[in-house]
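Here's the structure we're looking at; comments come further down.
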Amino acid sequence: MKYAVLVYETNDDFAAREDQRAKQYWDGHGAYAGALQAAGIFTGGAGLKPPHAATTVRLRGGARQVVDGPYADIKEQLGGFYLIEVENLDAALAWAEKCPGAQTGSIEVRPLIEMNQ
Amino acid sequence: MSAAALAERVARESYGRLLALLSARTRDVAAAEDALSDAFAAALMAWPRAGVPDNPEAWLFAAAKRKLIDAARRAKTAADGEAEIVRGIEEMEAEMSARAIPDQRLGLMFACAHPAIEASVRTPLMLQAVLGFSAERIAAAFLLEPTAMGQRLVRAKKKIRDAGLGFDVPGPEHWRQRIDAVLDVIYAAFASGWSDPLGVDAERVGLAEEAIWLGRVLVSQVPDEAEALGLLALMLHLEARRPARRDSERRFVPLDEQDVALWTRALIEEAELTLHRASALNRAGRYQLEAAIQSAHASRAWRGAVDWDAIVLLYQALGELTGSPVARLNAAAAIAQRDGPEAGYEAAEAAGAYFPILRDYQPYWALMADLCAKLGRKEAARVAYDEAIARETDGAVVAFLTQRRDNL
């Protein structure tokens, strides 16, 4: 099964990308992506810029509404995602708990809709 | 036995096995339930006319499999591709020899007990999927509206299907957090069958044996789990007494008055060996304590007397471990045996004051009635017997209590 490993980060996690912890932060995710690749289960992924860079658009009754910021103001924000292919949910959860973000933020594991051919 | 009656019996006995097998590959419990109920309906039509097939389970499996494939063809959504479902079914067919149907119920139970499933629905889900309990029956047991229970079950089955939960007995690092729910369901099934010792209720017949079977399978797959061994020992001890629990006229016989010659010695011996294996693992738990209590009762068969001191201590330990009002009440009953009715009455009264819920529990009043009678307080005993009778549904027990009351 294919899963998205969604990394929800705290404000402090986002700060850690740029302060004196930056090397540790990026090395952690680099090593994690490397481990996924070495296991042959990595199928994609991306890191996202912090929520301050987000813009949200909605079309309501034909009218376009554009607002500054992510779609919902919550404590932890999506900071990036990995796409993996593993046997089942337990295997996906076992990999998700190894993600560096699991120690301070939250990792959501969600199956992908798999299209046939 | 008529073909229709036989079809119903196979339906009851094979339900969980077939459902586990049909859903193991596709993970779609709801679709497997629909296919299985169609297959049972087809059997009720076909068997009375054409005769019961040599291997009814295999017949039902083949019919349900066709229904599953038909349903997959009709749905044909991008998400659950037909080819994948057909391949899954072919795989499981390859595993299934002509006679033996592999038992994948434990795998299904562990999937239902997964932490990814909402905690409150894990037990109901197992009762429905593995033992075929109806949503109404489960809702009644869990004090919920049937529609609310039905919705929770539907949601949980969607989660199992879509999240990709594995249908395996997990490795030791994961089974520890799930095994309690599995043990509780096996014991709930056993208790449901146990409360019908003569097998007069069609919905409960065979449940105790099924539960013991599942307990044995579990022990063989997770051999070093002390509580799984404890549960098996408990069930074996209780099952050993089945022939003695009713007399030749189907009247209720209380444990202390049972004829030990009627107890099934082979089951008691297996229970003792199993409990011994459990204690050697040095991890105490609820089921081991309950098995040890039953072991102390069983010792009457060869020592002629019960070690009430041990039973008092075991019930007190059980009460401390689980906070169970019933354990506290049973400790009071054992104190009465050890120290006399006066001490027992005081302990029972204290238990009822500490746990007011006990005052709505038949055995509380039956114990009070018995102790009052022994203390010569006839009027209080009569009132307590009436309270007990009002709370009992088993006719044999009602007759027993009524007789005791009338003999005052």
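To find a chain, count down the sequence lines: A is the first, B the second, and so on, and within it residues start at 1.
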Assess whether atom CD of A:Gln65 is packed by more than 12 heavy atoms of other residues, nucleotides or ligands within 6.0 Å. yes
Taking atom CG of A:Asp27 as the centre, report whether more than 12 heavy atoms of other residues, nucleotides or ligands fall under 6.0 Å from it. yes
In short, A:Pro111 meets B:Ala163 closest at the heavy-atom pair CG-CA, 3.5 Å
What are the residues of residues 112-120 of chain B, in order of number, with any heavy atom under 4.5 angstrom from a heavy atom of chain A? B:His114, B:Ala116
Show me, pair by pair, the donor-acceptor contacts under 3.5 angstrom made by side chains of residues 34-62 of chain A, not counting sequence neighbours?
from	atom 1	to	atom 2	distance (Å)
A:Thr43	OG1	A:Leu83	O	3.2
A:Thr56	OG1	A:Gly69	O	2.6
A:Thr56	OG1	A:Tyr71	N	3.4

Does anything in residues 85-100 of chain A reach chain B? List residues with heavy atoms under 4.5 Å apart, or say none. A:Glu87, A:Asn88, A:Leu89, A:Asp90, A:Leu93
Please list, chain by chain and in numerical order, all residues satisfying salt bridge (charged side-chain N to carboxylate O under 4.0 Å, His left out) with A:Asp19, sequence neighbours excluded. A:Arg21
